[in-house]
2 protein chains.
Amino acid sequence: MNTLAEENYLKSIYHLSLDTENVSTNQLAAFINTKASSVTDMLKKLAEKALINYTPYQGVNLTVAGEKIAVNIIRKHRLWEYFLVEKLDFKWDEVHEMAEEMEHISSNELIDRLDKFMGYPKHDPHGDPIPDCNGLFKIHNLKPLSAIAVNESGVICGVRDHSPAFLQYLEKQSLIIGKKITVAEIIEFDHSVVLQTTDKEIQISREVANNLLIAL
Amino acid sequence: MNTLAEENYLKSIYHLSLDTENVSTNQLAAFINTKASSVTDMLKKLAEKALINYTPYQGVNLTVAGEKIAVNIIRKHRLWEYFLVEKLDFKWDEVHEMAEEMEHISSNELIDRLDKFMGYPKHDPHGDPIPDCNGLFKIHNLKPLSAIAVNESGVICGVRDHSPAFLQYLEKQSLIIGKKITVAEIIEFDHSVVLQTTDKEIQISREVANNLLIAL
DNA sequence: GAATAAATTTAGACAAGGCTAAATTTATTA
DNA sequence: TAATAAATTTAGCCTTGTCTAAATTTATTC
């Protein structure tokens, strides 16, 4: 098995790989909140284990074996988040830290049974897809709200930022998963977005719009 | 917060303290499966943190602060075991290792909500009492079956050995928590015990009898 | 295309937790 | 009570994962 630190590196490389092909040492260091030199040490170790492809100075990406481990950790994370919200009544902004710990519980039998217990949910409380027991999941073709044109409509299906502050703000504005919205206007000056929802009109900043994921 | 290793030492000291007033270095080393010298190092660290009372060569016991932490870990362990058996349908011999990991999930809010979710159970699947959110629980006055006289009756309420092998054996013999038994005979030669249960007569070794806890 | 800047890696150190071997203390026994 | 045995602690070393500072490589710019 892998250490907790190794698992966190693999998971982080996976997340960063969604945006860039090769993940750089500095990117990882910033993401994990550590120093570039520490990252280099760990990359050597993971490369040694054949979990990443690593060429000095050229960044890294996951091998098939490494990706399998990363996806399994993400599966655990999202299933525990679902459990915490659906069974223990936590709010969607409260569960991330707890799930960060729980995702490292090793038993796969446990997580498969948890999955069954909850009825094989497809998405976590933030709209992120939950990989099945074979690591398979659909990657939605979601667009940030900031990329939606005026008069177009869509449904909120995910968030990019998972911080409690952001989630609490959305909650307050009733901008929750499943909400239908229409872009009424985009303010020229600062690219703020005016939304028409089922119950009211809301104006949000470009920053917020950029972190809301929409299905058309 | 305390490290995983520290938590395991505190928990172990707590368990061993149930039998002996002061726990010796060697006892701990054997229990934790490590070397006496490693134990000494950790004892110094825990004494430094005022979680144990430690006098070199004289063994240790928990301070009030240390006992509080230990009981909280045990609460978590037993609640997770209950969850695994009652909600995820694991068998009583399958849950110990998983709970060993889960007991270190830090959030107390989480464990309190889990407790509520399950209806505040009083005992784990092995009959051990579950401390409440204030760390309070009744210590049953249970006797090992080996200490019960011929013709006396009682109910199986706990086990001393939690190993899968022992639990599987009990399961096979239908010697489960809540079962009513009567001591029919004690074999003089090897102190084997002949039990009369509701459905049949069973003979068990002194070793087994010694690890079954009975309420009269 | 050299010179500077930015990114990355190497070198050397540290803390946690563990181990072996040696020294010391306590317990036991003749 | 002296001698031996058992238990415990100390000393010194190892691994993991981290850090700072220095060296090296890659990127950028004039």
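Values below: every heavy atom of this structure, side chains too, minus hydrogens, waters and symmetry copies. Note on naming: letters A, B, ... go to the chains in the order of the sequence lines (proteins, then strands), and numbering restarts at 1 for each one.
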Qualifying residue for side chain to side chain contact (heavy atoms under 4.5 Å, CB included) with A/L79, from A/D124, A/I111, A/D112: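 Exactly one candidate clears the test, A/I111.
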
Separation of [X] atom [atom1] from [N] atom [atom2], in whole Å?
X     : N      : atom1 : atom2 : answer
B/E6  : C/dA16 : CD    : P     : 9 Å
B/Q27 : D/dT8  : CD    : C1'   : 13 Å
B/L28 : D/dT9  : CG    : P     : 11 Å
B/M42 : D/dT8  : CE    : P     : 18 Å
B/N22 : D/dT8  : CG    : P     : 11 Å
A/E48 : D/dT16 : CD    : C1'   : 15 Å
B/K35 : C/dA21 : NZ    : P     : 10 Å
A/Q58 : C/dA6  : CD    : P     : 19 Å

For A/K68, salt bridge (Lys or Arg N to Asp or Glu O under 4.0 Å) partners two or more places apart: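 In terms of salt bridge (Lys or Arg N to Asp or Glu O under 4.0 Å), with neighbours along the sequence ignored, A/K68 is linked to no residue.
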
A/K76 and A/E100 ion-paired at < 4.0 Å: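 A salt bridge is absent here (no side-chain N lies under 4.0 Å from a carboxylate O).
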
Phosphate OP1/OP2 of C/dT8 contacted by A/S24 side-chain N/O (<4.0 Å):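 Affirmative; the distance criterion is met.
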
C/dT8 phosphate, OP1 or OP2, under 4.0 Å from A/N26 side-chain N/O: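 Looking at the OP1 and OP2 atoms of C/dT8, one of them is under 4.0 Å from a side-chain N or O of A/N26.
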
A/K87 charged N/C atom sitting above A/F117 aromatic ring, 6.0 Å / 45°: yes

Atom pairs, protein N/O to nucleotides 10-13 of chain D N/O, distance under 3.5 Å:
{"unit_1": "D/dT10", "atom_1": "OP2", "unit_2": "B/K44", "atom_2": "NZ", "d": "2.6"}

Qualifying residues under side-chain contact (heavy atoms from CB on, under 4.5 Å), relative to B/N22, sequence neighbours excluded: B/N61

Under 3.5 Å: donor-acceptor pair, side chain of B/T63, backbone of B/L51: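 Between the backbone of B/L51 and the side chain of B/T63 there is a qualifying donor-acceptor contact (under 3.5 Å).
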
